[in-house]
Amino acid sequence: MKFEEAQRLPLTSLPTSFYKMANLTKHLGGPDIYVKRDDVMDLAHGGNKTRKLEYVFANMLAQGYDTVITMGGIQSNHVRQTISGAARLGIESHAILNIPVPELKDELAASGNYLMDVIMDGKIHIVDGDDDACVQKMQDVKDALTADGKKPYLVPMGASDGVGSLGYMACAREMMIQWENMEINPSHIFVGTGSCGTHGGLLAGLRYFGNKSTKVVGVSVSQPEERKIADVKDILNQIHDVIELPDDLIADDDIIVKDAYYGKAYAYPTDEANDAVKLIAKLEGILLDPVYTGKTMAGMIDLIEKGELKDAKDMVFLHTGGAPALHPYAKYFL
């Protein structure tokens with residue numbers, strides 16, 4: 001199947017906006033920095049998972065499934081958007097959630113994304129364990145729902161698989177049109193690298209649609225570089241299983257991950273990320289979050305200031321959303 005033949009169920013208005021961050025550019029003394037506002041979408045406060053879910057829900061409904069099950073941390077942006085999309089489509093949704101920062105359990109379970117999940121009537125299953133425990137719980141819930149006569153569809157964490165990642169191939173094409181209209185040629189685009197579907201899809205899309213020069217720089221939000229590079233390669237293989245891609249489309253050195261910015265572990269805040277959140281709020285009136293986009297922005301700023309990005313020009317920051325998660329981390333900002 002060719003990319004153009006993949007089924008997509010529109011869930012938001014596209015394209016999202018793209019513009020220069022003039023104040024940040026001035027603050028850093030160049031290069032020009034632009035932002036892609038994928039935090040502004042139609043599903044419950046937006047975020048990058050909406051693009052993925054357009055393909056995931058299309059695939060799910062085409063096969064006759066009637067219930068969706070997914071997983072993530074208790075403040076998962078992906079889970080919030082999945083429950084929102086399911087509500088819009090009249091589909092029952094189940095979310096398997098764990099608590100990645102036990103020290104903030106009370107805050108994480110009382111506001112932000114979790115509160116929205118509850119309000120939107122997602123069926124919540126809290127797991128005291130890691131991602132593997134969540135995967136097992138997903139299977140248990142699937143078995144129980146199947147026994148009740150339902151046909152549940154499993155969506156992996158972040159909707160990061162070969163189907164979901166097609167959403168960021170489409171985003172790459174969308175941005176290339178915006179760049180052409182603005183007469184810019186970005187050298188780098190920065191993205192938070194977590195479950196890796198956004199990173200892998202974006203890289204595949206740029207190369208598939210003819211952009212051979214823009215580097216995709218993933219800032220890991222959870223694990224070392226080697227692990228994330230392997231995960232991006234896995235996503236690329238999964239995309240290859242869904243649509244036709246040239247075998248030599250992406251070279252190994254195309255996969256770039258920076259792992260110096262995630263701190264103690266996933267969802268643990270860092271001073272640098274929190275400083276980046278405050279800086280961008282003050283300079284641009286844009287809200288980032290301490291888990292994903294704050295760490296990504298901190299990495300981009302650090303690499304620019306250190307002069308470590310060769311031939312940097314027309315830099316792009318992909319804003320993947322996450323501002324609802326500011327609420328449980330309020331004590332770091334008040």
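- Around CD of E180, the count of heavy atoms belonging to other residues, nucleotides or ligands within 6.0 Å does not exceed 12.
- Residues A312 and P31 come closest through the heavy atom pair O-CB, 3.7 Å.
- A donor and an acceptor atom, one from each side chain of N77 and Y292, are nowhere located under 3.5 Å apart.
- The salt bridge (Lys or Arg N to Asp or Glu O under 4.0 Å) search around K151 returns none, not counting sequence neighbours.
- Between the side chain of D259 and the backbone N or O of P224 there is no donor-acceptor pair closer than 3.5 Å.
- Only one option out of R37, Q178, E284 pairs with Y19 in a side chain to side chain donor-acceptor pair (under 3.5 Å); it is R37.
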Next item on the list: Kindly indicate, with the supporting measurements, whether the criterion side chain to side chain donor-acceptor pair (under 3.5 Å) is fulfilled by N113 and H327.
Entry: CA-CA 9 Å; N113 287 310; H327 299 265; over 6 Å; no
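- Shown here is K212, whose NZ atom has more than 12 heavy atoms of other residues, nucleotides or ligands within 6.0 Å.
- More than 12 heavy atoms of other residues, nucleotides or ligands shown are found within 6.0 angstrom of CG on N181.
- In summary, the side chains of H319 and T293 do not present any donor paired with an acceptor at a separation below 3.5 Å, with no hydrogens or angles considered.
- Counting non-hydrogen atoms of neighbouring residues, nucleotides and ligands closer than 6.0 angstrom, the NE2 atom of H188 exceeds 12 such neighbours.
- Looking only at atom types and distance, the side chain of Y329 has no donor-acceptor partner in the side chain of Q75 under 3.5 Å away.
- Side-chain N/O atoms of Y153 and N59 include a donor and acceptor closer than 3.5 Å.
- Using a 4.0 Å cut-off between charged nitrogen and carboxylate oxygen, E92 and K123 do not count as a salt-bridge pair.
- In terms of heavy-atom proximity, I83 sits nearest to I124 at CD1-CD1, 4.3 Å.
- When hydrophobic side chains of Ile, Leu, Val, Met, Phe, Trp and Tyr are connected at separations under 4.5 Å, L115 ends up clustered with I119.
- Under 3.5 Å, the side chains of Q136 and D132 contain no donor-acceptor pair of N or O atoms.
- Centroid-to-centroid, the aromatic rings of F3 and F209 come within less than 6.0 Å.
- Between the side chain of T25 and the backbone N or O of I33, at least one donor-acceptor pair lies under 3.5 Å.
- Aromatic ring centres of F18 and Y34 lie closer together than 6.0 Å.
- If you check the side chains of D38 and Y168, you find a donor sitting under 3.5 Å from an acceptor.
- Side-chain N or O atoms of S160 include one that pairs as donor or acceptor with a backbone N or O of G197 at under 3.5 Å.
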Note to self: Test salt bridge (charged side-chain N to carboxylate O under 4.0 Å, His left out) on E174 and R51; report intermediate values, then the result.
What the structure shows: CA-CA 12 Å; E174 180 179 300; R51 290 188 187 270; 2.7 Å; yes
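- Side chain to side chain, K228 and S222 meet the donor-acceptor criterion of an N or O pair below 3.5 Å.
- Heavy atoms from other residues, nucleotides or ligands lying under 6.0 Å from CD of E103 number more than 12.
- A donor atom on one side chain and an acceptor atom on the other are found under 3.5 Å apart for N48 and T198.
- With respect to the salt-bridge test (charged N to carboxylate O, under 4.0 angstrom), the residues R8 and E54 qualify.
- With V155 as the fixed residue, the side chain to side chain contact (heavy atoms under 4.5 Å, CB included) test singles out one of H78, M71, K49, K52: H78.
- We find that K233 and D252 are joined by a salt bridge, their nearest charged nitrogen and carboxylate oxygen being less than 4.0 Å apart.
- No side-chain donor-acceptor contact under 3.5 Å links S84 to the backbone of R80.
- Salt bridge status for E272 with K295: absent, with no side-chain N to carboxylate O gap under 4.0 Å.
- Looking only at distances, a side-chain donor or acceptor of N98 sits under 3.5 Å from a matching main-chain atom of G129.
- Between the side chains of T214 and N211, a donor-acceptor pair is found at a separation under 3.5 Å.
- Salt-bridge annotation for D32 and K20: present, with a side-chain N of the basic residue lying under 4.0 Å from a carboxylate O of the acidic one.
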